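Here the structure is laid out as structure tokens; the discussion comes afterwards.
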Amino acid sequence: MQEQPEPPFPPGLTARVELTVTDADTAQAVGSGDVPVLGTPRVLALVEAATVAATAVRMPAGRTTVGSRIELEHLAATPVGRTVVAQARLGEVDGRRLVFEVTVTDGDETVARGRVERVLVDRQRFVERAVRVS
């Protein structure tokens, strides 16, 4: 009986990323509104950064992950100067598909929550296909 190799990304992998909100992170600055609070596109980028960080240490050579689906609820406004923490936890692995549960908090307050799906791909082949298409 052959031993199966350990999958590169077992469920339970976690990572956290922090951001202190600046004027450049606001809805006004990123074009997603006209208020000076953390913009939803920056929240989305932050949770994606946390998912990338969760897989970075175990990423096989020549591979990468790409985002394929995001469900995100932005629940609370965060003013400039506050620090938010994005946390990602790998909850499901289905072949090359990785599903993360994500949250963003400001102290005890939940700023956002959702799911991010990423797909494991061959980096070079992915870039070559993207260049051919454009």
Side-chain angles (χ1 to χ4, degrees):
M1 186 161 142
Q2 272 189 326
E3 227 179 271
Q4 293 293 328
E6 183 179 322
F9 308 114
L13 285 179
T14 62
R16 59 183 268 143
V17 177
E18 292 187 12
L19 171 73
T20 299
V21 180
T22 68
D23 290 331
D25 301 310
T26 65
Q28 288 173 320
V30 298
S32 67
D34 64 0
V35 288
V37 298
L38 179 61
T40 303
R42 287 296 291 132
V43 173
L44 187 140
L46 193 62
V47 298
E48 279 209 301
T51 65
V52 169
T55 61
V57 174
R58 299 183 71 128
M59 186 63 64
R63 307 288 290 218
T64 192
T65 61
V66 294
S68 61
R69 181 183 174 99
I70 296 173
E71 299 171 20
L72 187 68
E73 291 180 280
H74 192 170
L75 304 166
T78 307
V80 171
R82 298 288 299 185
T83 298
V84 292
V85 177
Q87 295 187 316
R89 181 186 171 283
L90 181 56
E92 178 185 342
V93 178
D94 182 11
R96 296 182 311 125
R97 189 172 138 267
L98 311 173
V99 182
F100 294 86
E101 300 298 324
V102 294
T103 59
V104 178
T105 55
D106 175 1
D108 291 334
E109 183 174 26
T110 299
V111 172
R113 65 177 171 234
R115 292 167 45 107
V116 175
E117 292 185 17
R118 300 188 69 79
V119 178
L120 183 64
V121 298
D122 179 280
R123 179 184 289 111
Q124 183 176 347
R125 195 172 344 170
F126 183 84
V127 171
E128 287 171 355
R129 285 183 181 160
V131 171
R132 262 197 313 259
V133 171
S134 48

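Side-chain atoms are counted along with the backbone in the values below, which use heavy atoms only and exclude waters and symmetry mates. This structure is a prediction, so every number in the text was calculated from the model and none was measured.
Using a 4.5 Å cut-off between side-chain heavy atoms of Ile, Leu, Val, Met, Phe, Trp and Tyr, with links allowed through other members, Val99 and Val119 fall into different hydrophobic clusters.
The heavy-atom pair separating Phe126 from Val121 by the smallest distance is CB-CG2, 4.0 Å. Across all non-hydrogen atoms, the minimal contact from Ala77 to Pro79 is O-CD, 4.0 Å. Smallest separation of non-hydrogen atoms from Pro36 and Thr26: C-CG2, 3.7 Å. When all heavy atoms of Ala15 and Ala54 are compared, the closest pair comes out as CB-N, 3.4 Å. In this structure, Thr65 and Met59 approach most closely via the heavy-atom pair CG2-CE, 3.8 Å. Scanning all heavy atoms of the two residues, the minimum distance from Val30 to Gly39 falls at CG2-CA, 4.5 Å.
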- Message: Show, in sequence, the C-alpha distance, side-chain angles and deciding distance for Arg113 and Val104, and conclude whether the side chain to side chain contact (heavy atoms under 4.5 Å, CB included) test is met.
- Response: CA-CA 6 Å; Arg113 65 177 171 234; Val104 178; over 6 Å; no
- Task: Test side chain to side chain contact (heavy atoms under 4.5 Å, CB included) on Arg118 and Val52 and set out the steps.
- Result: CA-CA 9 Å; Arg118 300 188 69 79; Val52 169; 3.6 Å; yes
- Step by step, work out the side chain to side chain contact (heavy atoms under 4.5 Å, CB included) result for Glu48 and Ile70. CA-CA 9 Å; Glu48 279 209 301; Ile70 296 173; 3.8 Å; yes
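For the atom pair CZ (Arg89) and CD (Glu101), the distance works out to 8.0 Å, reported to the nearest 0.5 Å. Leu46 CG to Leu19 CG: the interatomic distance, rounded to the nearest 0.5 Å, is 5.5 Å. Rounded to the nearest 0.5 Å, atoms CZ (Arg123) and CZ (Arg63) are 10.5 Å apart. Atom CD of residue Gln87 and atom CD of residue Glu18 lie 9.5 Å apart, to the nearest 0.5 angstrom. For the atom pair CD (Glu92) and CZ (Arg97), the distance works out to 4.5 Å, reported to the nearest 0.5 Å. Atom OG1 of Thr14 is separated from atom CZ of Phe100 by 10.0 Å, given to the nearest 0.5 angstrom.
Each of Thr105, Leu38, Val43 was checked for a side chain to side chain contact (heavy atoms under 4.5 Å, CB included) with Val84, and the lone residue meeting it is Leu38. Leu98 pairs with exactly one of Thr51, Val116, Leu90 by the side chain to side chain contact (heavy atoms under 4.5 Å, CB included) rule, that one being Leu90.
In this structure, the side chain of Arg58 engages the main chain of Pro8 through a donor-acceptor pair within 3.5 Å. Arg96 places a side-chain N or O within donor-acceptor distance of the main-chain N or O of Leu120, the cut-off being under 3.5 Å.
For the residue pair Thr22 / Asp25, a side-chain donor-acceptor distance below 3.5 Å is found, with atom types taken as modelled.
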